[in-house]
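Note sheet for the following structure.
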Amino acid sequence: MVRTRFAPSPTGYLHIGGVRTALFCWLFARRHGGQFILRIDDTDRDRNVEEALRPILEGLRWLGIDWDEGPEVGGPHAPYYQSRRVDRHRTAVERLIEVDAAYRDYATPEEIQAEREAARREGRPFVYSRRWMATTPAEAARFEAQGRRPVVRLKMPREGTLVVEDLVRGTVEFQWAQEQDHVIQRSDGSCLYHLASAVDDHDFQITHVIRAEEHLSNTPRQVFIARALGYPLPRYAHLPLVAEPGSRTKLSKRKLAKYLRNRDFAQLMEHGRRILERLGREVDLETFNPVIVDFYRQVGYLPEALLNYLALLGWSLDDRTEHFTREELVQRFSLEKVNRAPASFDPQKLRAFQVRHMLAVPVQRRVELVLPFLQQAGLVGSPPSAEERLRLTGVVEAAGDRIKVAGDILEFVEFFVPADRLPYDEKAVTKRLRQPPEAKGLVSRFREELATAERFEAEELERCLHGFVEREGIKVGQIIHALRVAITGKTVGLGMFETMAILGRQQCLDRIDRALGLV
RNA sequence: GGCCCCGUCGUCUAGCCAGGUUAGGACACAGGCCUUUCAAGCCUGCAGCACGGGUUCAAAUCCCGUCGGGGUCACCA
């Protein structure tokens, strides 16, 4: 039985690189009919874990990455919080000391630091002298009498080679002598991450440790712990890092200002910012950041589009297939096809996936996706009236691929406000209504055609306009741009005839009247 | 700096293990077509094997080296 785990620490947000790792863990487990476990690495945290965890769980759920064991779902190996497993960890530490794989060390941080400095000055690699290692109870008592408090350190081998068969990177060799006597238990008795991780992975019967490359160099100490404790070793797979746009450096939440200098990234952020503005919401950079998964939920990305894009960040099936549903990913995923080089995050490509997935969403579901945005902006009721819903459906249908993300519906306010509250773009009015000498007359004569048109439907209206154009002896362009500004207040929008049909006769007439009044 | 990992168009990648392809696809970009605006769509184009040696009839692919990039070196996770 394959068992994988994702082990986030409760930081208060779900990082795009983190969720890519979670996705690969999840896909691998699902692909092999195994189980995916969520463990919370909250060692050394005294902040509000529940609160800091919520965005992470929400993000995973939003993407459809479900866990078989972990917070909120429980499981046979509970608890799934490292902070509640300290007894297990301490027992393991005691055992490591018993088998001489670890020792109590009474050095102060300053003394260790001094040794490090000395090594650096002499240009040799730092190897702890183990001067304050207590090998007997008497020695320990003597140190304690000096008021020293011990940490527990790993007694790492000082010769030999460790060979790891990594499922992504192949054979990787480490020299034991390069490893430090890492601290696994603090002087206050609490245990450190590497110890806890190795112990919990074993307790949870994790078969495959799949994580980002930054953990590759941590592998020896975890292998050392597992071996000393007599655990069977999990298989390891180290995934390529998710890198900054156009770079190979690890993507980081804190470097937003730097990324904003990248044109594509800035565009992505700007798009989101515009949607939030129309929603009347403040932009909080702590959570509204394209490095964080929640950004995409807030502006109305499709979870399946993000998932699809993320899957291709370091993995590919072949030389042509790019479009995957969640189910297809589960069927086709394999660690063998995971790439080794870092993959940089490309906002444009993500957007392309979003557009493609959005296009595949049936109109009814698109209406549902878009509705909350209009409601938040106060443009339709909660719940919407039958009339509002009908109009919305018409807009969504006519908008077609113009709605890239659900929040884009807010580009089309003209359909959701009455004539007297329609905003007019001054520049557009000048250019299309005031400046062309014939514009006002044409629009006002066409108004009478609209007033008497038989059926107020797109096709009929198109016929109507073409007839008008012929009789007036003008070109379509001479009337339609002016008409668009008069009716919608701006120069860009949906098809003119669909727009009029959706608004209905009275709205169109009222708007033309109002526009003419402005000229 | 030590150790480890990585290096195919600007980006994501196929090809590498089992040498022979006009080095393929996608996104982006440029131009064109279509057109009532904006999108979309269609067509065309631009663009890559980091470098240097070897092995071989033949190297993106195998070997060695160089250079470049990244990760990691806490009583963080």
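Every chain is numbered from 1, with letters handed out A, B, ... down the list of sequences.
A/Asp105 places no side-chain N or O within 3.5 Å of a backbone atom of A/Val152 that could act as its donor or acceptor partner. A donor-acceptor pair under 3.5 Å is absent between the side-chain atoms of A/Arg432 and the main chain of A/Ala482, judged by distance alone.
Residue A/Ser187 is classed as a base contact, given a heavy-atom separation below 4.0 Å to a base. Within 4.0 Å of A/Phe126, counting heavy atoms only, lies no atom of the nucleic acid at all. Among the protein residues, A/Arg169 comes within range of the sugar-phosphate backbone only, with heavy atoms under 4.0 Å from sugar or phosphate atoms but none that close to a base. Within the 4.0 angstrom heavy-atom criterion, base atoms lie near A/Pro109. A/Glu173 comes within 4.0 angstrom of the backbone, heavy atoms only, and of no base. Among the protein residues, A/Thr249 comes within range of the sugar-phosphate backbone only, with heavy atoms under 4.0 Å from sugar or phosphate atoms but none that close to a base. At the heavy-atom level, A/Gly477 lies nowhere under 4.0 Å from the strands shown. Contact annotation for A/Ile479: no contact, since no heavy-atom pair falls under 4.0 Å across all strands. Backbone-only engagement by A/Arg248 is indicated by non-hydrogen atom pairs under 4.0 Å involving sugar-phosphate atoms exclusively. Among the heavy atoms of the strands lying under 4.0 Å from A/Val183 are primed sugar atoms or P, OP1, OP2 only; no base atom is included. Within 4.0 Å (heavy atoms only), A/Leu350 reaches no atom of the nucleic acid at all. Across all strands shown, A/Gly495 has heavy atoms under 4.0 Å from base atoms, whether or not it also approaches the sugar-phosphate. Within 4.0 Å (heavy atoms only), A/Glu322 reaches at least one base atom of the nucleic acid. Residue A/Lys250 is classed as a sugar-phosphate contact, given heavy-atom separations below 4.0 Å to backbone atoms only.
Between the P atom of B/G1 and the CD atom of A/Glu117 lies a distance of 18 Å, rounded to the nearest Å. Rounded to a whole Å, the CD atom of A/Glu214 is 9 Å from the P atom of B/C73. As a whole-Å value, the separation of A/Glu397 CD from B/A39 P is 22 Å. Following rounding to the nearest Å, A/Met500 (CE) and B/U37 (P) show an atom-to-atom distance of 15 Å. In this structure, A/Asp319 atom CG and B/U21 atom C1' are separated by 12 Å, rounded to whole Å. To the nearest angstrom, P of B/U21 lies 22 Å from CG of A/Asp318. Atom pair A/Gln354:CD and B/A28:P shows a separation of 14 Å (rounding to whole Å applied). Computed from coordinates, the A/Lys404 NZ to B/C27 C1' distance equals 14 Å when rounded to whole Å.
Between A/Ser316 and B/A14, a side-chain N or O to OP1/OP2 separation shorter than 4.0 Å is present. Put simply, A/Arg340 has a side-chain N or O that comes within less than 4.0 Å of OP1 or OP2 on B/C6. Distances shorter than 4.0 Å separate none of the side-chain N or O atoms of A/Asn218 from OP1 or OP2 on B/G71. For B/G15, the OP1/OP2 oxygens have a side-chain nitrogen or oxygen of A/Lys337 closer than 4.0 Å.
The base of B/A28 does not come close enough to the side chain of A/Lys349 for any donor and acceptor atom to sit less than 3.5 Å apart.
Comparing the P positions of B/G20 and B/A77 gives an interatomic distance of 49 Å, to the nearest angstrom.
Both geometric conditions, a ring-centre gap below 5.5 Å and a plane tilt below 30°, are fulfilled for A/His215 over the base of B/A77.
Which of B/G71, B/C73, B/C6 sits closest to the side chain of A/Gln180 comes down to B/C73. Nearest to the side chain of A/Leu241, among B/G71, B/U13, B/U36, sits B/G71. Listed nucleotides: B/C38, B/U36, B/C4. Nearest to the side chain of A/Leu216: B/C4. Checked against B/C76, B/C29, B/C3, the side chain of A/Arg263 finds its nearest nucleotide in B/C29. Among the nucleotides B/A74, B/C29, B/A39, the one closest to the side chain of A/Arg116 is B/A74. The side chain of A/Arg186 lies closest to B/C75, out of B/U13, B/C75, B/A28. Among the nucleotides B/A14, B/A77, B/A39, the one closest to any side-chain atom of A/Ser9 is B/A77. Of the candidate nucleotides B/C3, B/G10, B/A14, B/C3 has the atom lying nearest to any side-chain atom of A/Gln178. Out of B/G71, B/A39, B/A77, the shortest distance to the side chain of A/His194 is found at B/A77. Comparing B/A39, B/G71, B/C6 against the side chain of A/Asp401 picks out B/A39 as the nearest.
Partner assigned to B/G1 is B/C73, using Watson-Crick or G-U wobble distances below 3.5 angstrom. In a base pair of the Watson-Crick type (N1 to N3 plus N6-O4 or O6-N4) or a G-U wobble (N1-O2 and O6-N3), with each distance short of 3.5 Å, B/G20 is matched with B/C57. Pairing for B/C38 is absent, judged as Watson-Crick or G-U wobble with the two contacts each under 3.5 Å. Pair check for B/C67 finds B/G7; Watson-Crick or G-U wobble, both atom distances under 3.5 Å. Pair assignment for B/A30 gives B/U44, based on Watson-Crick or G-U wobble hydrogen-bonding distances that are each under 3.5 Å.
Note on ring orientation: taking the six-membered ring where Trp is involved, the planes of A/Phe345 and A/Tyr309 are perpendicular (angle over 60°, cut-offs 30° and 60°).
Along RNA chain B, the nucleotide nearest A/Glu213 and the nucleotide nearest A/Ile480 are compared for position; the residue whose nucleotide lies closer to the 5' end is A/Glu213. Comparing A/Asp264 and A/Leu313 along RNA chain B, the residue whose closest nucleotide (by nearest heavy atom) sits nearer the 5' end is A/Leu313.
In this structure, A/Lys253 and A/Glu286 have side chains that are in contact, with non-hydrogen atoms separated by less than 4.5 Å. Side-chain contact between A/Leu260 and A/Asn262 is absent, with no heavy-atom pair separated by less than 4.5 Å.
Between A/Trp315 and A/Phe324, the distance separating the two ring centers is shorter than 6.0 angstrom.
The number of heavy atoms from other shown groups lying within 6.0 Å of CZ (A/Arg169) is above 12.
Under a cutoff of 6.0 Å and an axis angle of 45°, A/Arg84 and A/Tyr81 form a cation-pi pair. A cation-pi arrangement is absent between A/Arg158 and A/Trp176 under the rule of less than 6.0 angstrom and at most 45 degrees off the ring axis.
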